[in-house]
Amino acid sequence: MTDFKELVELARKISMTTSRNEKIELVSSFIKELPEDEVRHAVLFLLGRTLPPGDERHLDVNWRALLSVLKRMTGADNEQLFKILVQAVDIGDGFKKALEKFEPKRQSFLFEQKLTIKEVSSYYNKIASLRGAKSRKYKEDLLFSLFSLADKDEAEFLARNLTGEMRIGLHEGLMEEAIAKAFQIPARLVRRAVMLRGDISEIAVLAKRGGAKALESIRIEVFRPLKPMLATDADSIEEVLRELKRASFEFKLDGIRLQMHAKGGRIRAFTRRLSDVTQSLPDIVDQFSEIFGSREVVADGEAIAIDPEGRPLPFQFVSRRLRRKSDIARSAKEIPLRLFLFDILQIDGKMLIDEPYFRRRKLLEDLVDEEWLVPARVCESEEEASNFLKEALDRGHEGLIAKKLDSIYTPGVRGKNWFKIKPVLATLDLVIVAAERGYGRRHKWLSDYYLAARDEETGEFYVVGKTFKGLTDQEFELMTQRLKELAYYDDGHLVKVKPSIVVEVAFNEIQKSPKYESGLALRFARIVSIREDKTPEEAETIQNLRRIYEKQFLHKGKI
DNA sequence: GCTGATGCGTC
DNA sequence: GTCGGAC
DNA sequence: GTCCGACGACGCATCAGC
């Protein structure tokens, strides 16, 4: 039984170095020595996860629950804790600082207990299993008990782990290399195994138990989702064609990525992060059954919402279907989804991911009626591809995905074989009216900015979204200074400022907002420049935003 | 039974 | 999802 | 080229509190 303390110490060392090689070495020598039944949890915990993927339960514990436990332990009031947390680098640091400042109350145990890796995992299990009335309280009781067994450093680790933000500069990429190094397996092989299984903690165990041989024997299994292949951003069609010369361009649909599995008449649908959403999507299941009957198949596609004329609806509609458990039949009728396939990964036991794209696509076209396929066209000239892009946009879609014709399907990889091309939209000049202090590496700065549009009738500013993207570190530094000078309210976290600074903001879509008074919100807002030349009075108006919102429906459907 | 807070997962 | 920073 | 860490919008389910 390995002490939890050792894992905490390892995490500390990992966070101390920025060298990737050093991180890999640290993790690798640690997991090499670990008993087989602890490897899985150690890997998960280091990556900021609690339960293994595939476990349908969740802890339902996050920073609010943690705060409540912290209150119980320290006896401090909200104000005292807020003061500490606001100055902390992140929640883990805040926990540690609060426990240092106030001598914590702890649950007393009958026997002296020491936290082990397995003990923590067992607590997580119990917390995840609790449901129903008063379960929040019982979860907090368990957390109190868990934190009672932890010293300050362990508490810091736990707080980070439970919020999923370890911030030690270690994710799956380096973990794969660490596993490879620990068990002397080529990194390539580890990576491939993780892709096919979608669960790195399981691969770590397999690697320890069976080495390279065990990983080599891994195949796609129906009903076990693999990671979907991803696309790299491209600025233009020209850039893509320079890279690929000739490529297949497919419509990029704005819906949910679905990996469909079928065998013996049973059908399952998995999302991009491999959760099973079959239950919410009976219409998609029917469609897949119509397409493939009871054949054994694994296919990749996108589901979008469509109006009676077959035009795509905005993403917001699709998301209403997604995790629904109640009134499923009714909502399926209100917002019908339609599946569009673009890849096939396995059929009748034959794995296809190592076949080149053009063969997989050809096979798909032979097997499936065109109406179920994402429209695709092979282009080698910019003009041809541009026309196809225009067609996609005219039909209300997001853009194009360009695919290298002879590329294999590399699950989980965002590489140079698939590119996404989204058109650049006009930007908006908006006013910063408030800001929030950042966390982690941004904790000294005002990092998240409230963006507002002006009401041309009243002159008031209305928030239409927040963004933390687009500025360089240096610009954050300067912006923080400027905003502090404009502040008329500052509680340590939220800073409200006099409308003065105008920024040019890019976005992908304007959505209806239930949260903002303006009724509108920007999707994927990011700052592209600071408009030193503009005054707030010259900024975008809320009236114009409404017009832009309506214009989006020129190509999109409405119910 | 309703409402708001919280957590989670999609993009 | 999207961006900048760091290796 | 690749990985990592900053965090955005929504909508659903679940639970607490009235």
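Heavy-atom basis, side chains included; hydrogens, waters and symmetry copies ignored. Labels below follow one simple rule: chain letters A, B, ... track the order of the sequence lines, proteins then strands, and each chain is numbered from 1.
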field: Heavy atoms of other groups near A:R547 CZ, more than 12 under 6.0 Å
entry: yes

- prompt: At under 4.0 Å between heavy atoms, what does A:E172 touch on the DNA or RNA strands: base, sugar-phosphate, or nothing?
  reply: sugar-phosphate

- prompt: With a 4.0 Å cut-off, would you call A:D254 and A:R523 a salt bridge?
  reply: yes

task: Give one of base, sugar-phosphate or nothing for A:I527, where a contact means two heavy atoms less than 4.0 Å apart.
output: nothing

message: Within the supplied structure, the quantity of interest is the number of heavy atoms (other residues, nucleotides, ligands) at a distance under 6.0 Å from A:F340 CZ; does it exceed 12?
response: yes

query: Closer to the 5' end of DNA chain D via nearest nucleotide, is it A:H171 or A:R131?
result: A:H171

message: Taking any heavy-atom pair under 4.0 Å as a contact, classify A:D473: base, sugar-phosphate, or nothing.
response: sugar-phosphate

task: If a protein heavy atom is under 4.0 Å from the base, mark B; if only from the sugar-phosphate, S; if neither, -; do that for nucleotides 2-11 of chain B going 5' to 3'.
output: ----SBBSSB

query: Checking all strands, does A:A525 fall into the base, sugar-phosphate, or nothing category for heavy-atom contacts under 4.0 angstrom?
result: nothing

statement: So, with a heavy-atom separation below 4.0 Å from DNA chain C, the residues of residues 194-202 of chain A are none

field: Worked verdict on A:Y123 versus A:S145 for side chain to side chain donor-acceptor pair (under 3.5 Å)
entry: CA-CA 9 Å; A:Y123 265 99; A:S145 162; 2.6 Å; yes

Using atom types as modelled, flag every donor-acceptor pair under 3.5 Å from a side chain in residues 156-165 of chain A to any protein atom, sequence neighbours excluded.
{"unit_1": "A:E156", "atom_1": "OE2", "unit_2": "A:R160", "atom_2": "NH2", "d": "3.4"}
{"unit_1": "A:R160", "atom_1": "NH1", "unit_2": "A:M166", "atom_2": "O", "d": "3.2"}
{"unit_1": "A:R160", "atom_1": "NH2", "unit_2": "A:D90", "atom_2": "OD2", "d": "3.2"}
{"unit_1": "A:N161", "atom_1": "OD1", "unit_2": "A:Y124", "atom_2": "OH", "d": "2.7"}
{"unit_1": "A:N161", "atom_1": "ND2", "unit_2": "A:F45", "atom_2": "O", "d": "3.2"}
{"unit_1": "A:N161", "atom_1": "ND2", "unit_2": "A:R49", "atom_2": "O", "d": "3.2"}
{"unit_1": "A:T163", "atom_1": "OG1", "unit_2": "A:A159", "atom_2": "O", "d": "3.0"}
{"unit_1": "A:T163", "atom_1": "OG1", "unit_2": "A:R160", "atom_2": "O", "d": "3.0"}
{"unit_1": "A:E165", "atom_1": "OE1", "unit_2": "A:R167", "atom_2": "NH2", "d": "2.5"}

message: Can you measure A:F476 atom CZ to C:dG4 atom C1' for me and round it to whole angstrom units?
response: 9 Å

message: Both A:S19 and A:A506 contact DNA chain C. Which one's nearest nucleotide lies toward the 5' end?
response: A:A506

field: Length of the line joining A:F468:CZ and C:dG5:P, which is rounded to integer Å
entry: 14 Å

query: Starting at OH of A:Y449 and ending at P of C:dG4, how long is that distance when rounded to a whole Å?
result: 13 Å

- request: Starting from the 5' end of DNA chain D, give me the residue, A:Q511 or A:E243, whose nearest nucleotide shows up first.
  value: A:E243

task: Please work out if A:R191 contacts a base, only the sugar-phosphate, or nothing of the nucleic acid, heavy-atom cut-off 4.0 Å.
output: sugar-phosphate

- prompt: Please give, in whole Å, the distance from C:dG5 C1' to A:E475 CD?
  reply: 13 Å

task: Using whole Å, report how far CG of A:D233 lies from C1' of C:dG4.
output: 13 Å

query: With A:R442, which residues qualify under salt bridge (charged side-chain N to carboxylate O under 4.0 Å, His left out), at least two apart?
result: none

field: salt bridge (charged side-chain N to carboxylate O under 4.0 Å, His left out) involving A:K422 - partner list, sequence neighbours excluded
entry: A:E398

- prompt: Hey, are A:D307 and A:K556 close enough for a salt bridge, meaning a charged N less than 4.0 Å from a carboxylate O?
  reply: no

message: Classify A:K23 by what it touches in the nucleic acid, base, sugar-phosphate, or nothing, heavy-atom distance under 4.0 Å.
response: nothing

task: Would you mind classifying the nucleic acid contact of A:R441 as base, sugar-phosphate or nothing, using non-hydrogen atoms under 4.0 angstrom?
output: sugar-phosphate

message: Using a 6.0 Å distance limit plus a 45 degree cone around the ring axis, check whether A:K403 lies over the aromatic ring of A:Y357.
response: no

task: For A:K139, answer base if it contacts any base atom (sugar-phosphate contacts may also be present), sugar-phosphate if it contacts only those atoms, and nothing otherwise; contact means non-hydrogen atoms under 4.0 Å.
output: nothing

message: Would you measure the distance from the C1' atom in B:dG9 across to the matching atom in D:dC7 and give it in whole Å?
response: 15 Å

task: For A:S513, report the nucleic acid contact type (base, sugar-phosphate, nothing); a contact means any heavy atom under 4.0 Å.
output: sugar-phosphate

query: Looking at A:F223, is A:R268 sitting on its ring face, NZ or CZ under 6.0 Å from the six-membered ring centre and within 45 degrees of the normal?
result: no

- prompt: Can we say A:E202 and A:R224 salt-bridge, meaning some charged N sits less than 4.0 Å from an Asp/Glu carboxylate O?
  reply: yes

- prompt: Should A:K227 and A:D199 count as an ion pair when the cut-off is N to O under 4.0 Å?
  reply: no

More than 12 heavy atoms from other groups under 6.0 Å of CD on A:E79: no

query: Reading DNA chain D 5' to 3', which nucleotide is the first, and which the last, to come under 4.0 Å of any heavy atom in chain A?
result: D:dG1 to D:dA16

message: Measure CD1/A:I168 against P/C:dA6 and give the value in whole Å, please.
response: 19 Å

